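First the structure, in the form of structure tokens, and then the observations on it.
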Amino acid sequence: MIPALGLLAGIVIGIVLKPDVPIWLQPYLPIAVIAALDAVFGAVRAVLDGIFDDKVFVVSFLSNVVVAAFIVYLGDQLGVGSQLSTGVIVVLGVRIFSNVAAIRRHLFSA
Amino acid sequence: MSDLGSSPRPATSSAGAWRRLARMGRPRATKANVLVLLLATLLGFAISTQVHQTRSSGLESLREQDLVGVLDTVTQEGVRLGTELRDLERTRDRLASGVDSEKEALALARERADTLAILAGTAPATGPGIRLTITDPDGKIGSTILLDAIQELRDAGAEVMQVGPVRVVASTYFTDSDAGVSVSGTGISAPYSILAIGDPATMTAAMGIPGGVTVSVRGLGGDVTIAPLDQVDITAVVDLPTPRFATPQPVPTSSASP
Amino acid sequence: MTLINEMLTRPLDPSYAASAARRVAAGEPPHTSVGTVLVTLTAILIGLLLAVAAGSVRRDAPTAQGVRAELIDQITERRDVVEERSRAIAARQQEIAGLEAASLAGAGASLTARLQRLGIDTGSSAVEGPGLIVSLADRPGPADPEATGVDQGKVLSRDVFIVVNGLWQSGAEAISINGQRLTVRSPIRFAGAAILVNFRPISPPYEISAIGDPDQLPELFAQSVGGAYVKSLSDNFGIVTSVTAKDDISLPGATRVSIDRARPLGNGS
């Protein structure tokens with residue numbers, strides 16, 4: 001419950017403050033969002049599996065974002081930035097779908 | 001269920017398959033059926049919306065630069081209409097104030113008749129304008145080019161025009177003839193000269209737009225020359241036959257007149 | 001394939017299982033609390049990230065599709081203004097005509113008759129009568145708004161003015177296109193793929209209504225270059241055309257019948 005409220009609070013803060021994103025950061029935003037979603041769904045599944053660990057959650061989130069951003073940065077330097085970000089999104093997307101499937105099995109047994 | 005027992009193999013006869021399909025299609029008021037109905041409706045809605053989105057209609061199908069052009073034209077027209085509306089309101093107020101209303105009305109009506117006579121092409125006119133000359137050494141310029149030139153000049157605000165010896169009115173038409181072009185039945189030949197009263201600068205600029213008449217004429221081996229003039233006298237007039245079929249629509253009785 | 005298999009079968013971070021096993025070995029419960037400060041802070045951070053990303057995408061949108069939508073909105077808005085002013089102008093003209101008629105009742109009967117005739121000839125007054133309606137519409141099917149080059153299935157301004165030219169040639173007395181009455185000052189132009197008549201964008205189907213002799217107009221038009229042109233538009237380019245004779249057509253008067261620069265010749269300046 002508390003993390004859900006935290007998520008909501010973060011969204012509200014973002015909407016109210018409308019911070020300006022520096023241009024150099026913008027290409028990484030979509031990747032960071034996908035990485036964050038992956039961490040969130042992984043965490044929900046871990047809770048339902050009964051093996052949630054707060055440190056693992058935080059570390060997996062941060063490392064997801066950092067690694068995804070790094071891959072995109074590397075891709076940009078090599079001239080294949082858009083292809084690599086597509087790759088990252090596909091990989092994380094597949095993970096999100098599998099985790100959501102597991103969550104669904106837990107909650108609706110369907 | 002009896003069907004399942006009699007034919008366990010997948011669809012041995014197509015009749016069996018059709019029967020199964022029919023049984024599935026029979027309406028049943030179960031919760032699942034309602035849900036499926038809802039989802040199917042949603043899917044149908046989504047498809048039709050998407051199809052509607054991709055189909056073009058009117059402005060939606062235009063490219064950005066075309067939209068900019070349309071916006072520009074509409075904006076200018078709005079401004080022009082605004083000016084005209086203010087003039088009309090002044091005229092109406094003058095008439096309605098009623099002190100000298102009879103004399104005033106007579107003067108106004110005469111003034112309006114003079115304007116309309118110029119527009120109708122029954123009276124000669126003068127004013128600033130241009131002389132446009134189209135040469136045609138190869139004999140390839142036809143009526144469509146002249147028609148296009150007239151539209152382009154009208155677009156640039158030409159008020160009164162004369163092609164060769166013929167006054168241009170709303171109903172002027174152009175056809176191809178052996179010797180050149182025929183304007184409302186009067187044959188003319190190259191070089192074609194068009195006199196137009198209006199803003200010389202606007203008309204000169206308009207004739208040079210990309211994809212315009214000048215480009216078409218040069219593509220056909222001819223050339224277009226434009227001479228801005230301080231005074232253009234248009235003396236040709238038309239003798240319009242009395243309209244036999246177009247009758248004025250009955251004017252709804254105006255409440256403004258006592 | 002191994003990579004995909006790995007992703008599909010073990011989507012959960014393996015660290016969760018590892019740390020759970022470690023805790024069980026140490027005699028603790030396999031999971032920690034969800035409500036720790038660390039988790040809450042991360043949740044706030046993620047929420048912030050989502051909102052910021054969504055916000056920046058929303059703000060970028062006008063640079064792409066948004067510009068066109070914005071332009072269309074503005075055009076619609078100003079077209080409404082133009083329509084509104086046209087209606088107001090028509091109303092004022094009628095009021096003025098009424099006031100004039102009342103004042104001129106005795107003195108200017110011939111002037112009134114002359115004005116009425118000029119109204120028909122110039123296109124400034126609304127008229128009715130028998131005639132012909134020529135309708136042109138784009139070839140059915142989706143069009144690509146970004147397509148370059150000429151789409152042969154689209155009606156062009158040239159098609160419209162060639163048909164109009166044919167109708168005048170066939171003896172039409174008055175013509176309007178989609179409710180825009182043609183006068184000597186009415187251009188039939190294009191802006192890209194849009195057709196403009198009297199400086200207003202009109203949209204397909206383009207209905208060209210002409211008043212004229214019901215016995216001759218249809219026949220003469222069919223024989224004219226304009227009639228042949230209509231036939232070739234439908235035969236060669238799939239443009240949907242129809243030519244219909246009608247007993248009673250009403251055409252509106254033109255909104256703008258004024259001159260700014262021309263003066264009567266011979267009246268001095």
Side-chain angles (χ1 to χ4, degrees), chain B residues 54-56 58-59 61-64 66-67 69-71 73-75 77-78 81-82 84-85 88-89 91-92 95 101-102 105-106 109 113-116 118-120 123-128 147 151 154-155 159-160 169-171 173-174 197-198 233 240 243 245-249 254 256-257, chain C residues 68 71-72 74-75 78-79 81-82 85 88-89 92 94-96 98-100 102-104 108 111 114-115 118 120-123 125-130 142-143 145 161 165 168-169 173-174 182-185 187-189 191-194 196 199 201 203 211-213 259 261-265:
Chain B
T54 33
R55 198 173 43 202
S56 65
L59 295 169
S61 65
L62 296 186
R63 274 174 289 171
E64 200 177 308
D66 299 345
L67 287 172
V70 173
L71 179 60
T73 309
V74 176
T75 308
E77 178 69 2
L81 288 178
E84 176 142 351
L85 184 57
L88 284 172
E89 274 164 358
T91 308
R92 179 199 56 188
L95 277 174
S101 82
E102 194 170 329
L106 205 61
D114 286 345
T115 303
L116 288 178
I118 289 176
L119 288 169
T126 183
L147 204 47
Q151 302 297 347
R154 280 176 175 160
D155 194 46
E159 297 171 6
V160 187
V169 294
S171 61
Y173 59 89
F174 295 80
I197 296 178
D233 289 348
L240 293 170
F245 303 97
T247 51
Q249 272 178 36
S254 172
S257 58
Chain C
R68 290 188 57 223
L71 280 169
I72 290 174
Q74 280 188 34
I75 291 171
R78 301 214 180 148
R79 187 158 54 175
V81 170
V82 164
R85 286 186 181 159
I89 285 174
R92 291 302 92 75
Q94 208 140 79
E95 282 176 33
I96 291 170
L99 287 166
E100 263 177 12
S103 310
L104 294 177
L111 190 57
R114 186 170 162 233
L115 279 171
L118 284 169
I120 299 175
D121 286 345
T122 54
S125 56
V127 289
E128 59 190 11
F161 71 61
N165 190 59
W168 288 129
Q169 188 193 344
E173 293 177 356
L182 297 185
T183 71
V184 67
R185 297 194 63 186
I188 301 170
R189 297 300 289 165
L196 303 159
F199 307 98
S203 40
I211 291 180
D213 190 337
I259 45 180
R261 294 182 183 254
R263 296 181 307 277
L265 185 66

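In what follows, every chain begins at residue 1, and chains take the letters A, B, ... in the order their sequences are listed. Note that the structure is a prediction, hence the values are computed from the model and not measured.
The candidate with the highest count of non-hydrogen atom pairs below 4.5 Å against chain C, out of B:G69, B:P124, B:A120, B:P128, is B:P124. Note: B:L85 leads B:D233, B:L85, B:I197 in heavy-atom pairs under 4.5 Å with chain C. The candidate with the highest count of non-hydrogen atom pairs below 4.5 Å against chain B, out of C:L71, C:V82, C:I75, C:L182, is C:I75. With chain B as the partner, the residue from C:I96, C:L196, C:D121, C:V81 showing the most heavy-atom pairs under 4.5 Å is C:I96. Counting heavy-atom pairs closer than 4.5 Å to chain B, the top residue among C:R79, C:R78, C:R189, C:Q74 is C:R189. Note on B:G127, B:G82, B:A246: by heavy-atom pairs under 4.5 Å with chain C, the leading option is B:A246. Of the listed residues (B:P248, B:A125, B:G78, B:S171), the greatest number of heavy-atom pairs within a distance under 4.5 Å of chain C belongs to B:S171. Put simply, of C:I89, C:T183, C:L115, the one with the most heavy-atom pairs under 4.5 Å next to chain B is C:I89. The greatest number of non-hydrogen atom pairs below 4.5 Å with chain C, out of B:L119, B:V160, B:T73, is found for B:L119.
With a threshold of 4.5 angstrom between heavy atoms, B:I118 approaches chain C through side-chain atoms but not through N, CA, C or O. Residue contact with chain B, scored on non-hydrogen atoms closer than 4.5 Å, involves the side chain of C:I120 exclusively. Using a 4.5 Å cut-off between heavy atoms, B:V70 contacts chain C through both its backbone and its side chain. Proximity to chain C (any heavy atom under 4.5 Å) is shown, for B:A109, by both the backbone and the side chain.
Note that CD of C:E173 and CG of B:L240 are 10.0 Å apart. Values are rounded to the nearest 0.5 Å. Here the CZ-CD distance, from C:R85 to B:E84, works out to 11.5 Å after rounding to the nearest 0.5 Å. Residue C:D213 holds its CG atom at 3.5 Å from CZ of B:F245, rounded to the nearest 0.5 Å.
Checking side-chain atoms of B:E159 against main-chain N and O of C:A262 turns up a donor-acceptor pair under 3.5 Å. In this structure a side-chain-to-backbone donor-acceptor pair under 3.5 Å is present from C:N165 to B:F174. Although no hydrogens or angles enter the test, the distance criterion places a donor-acceptor pair under 3.5 Å between the side chain of B:T247 and the main chain of C:E128.
Closest approach of B:D114 and C:P264 over heavy atoms only: CB-CG, 4.4 Å.
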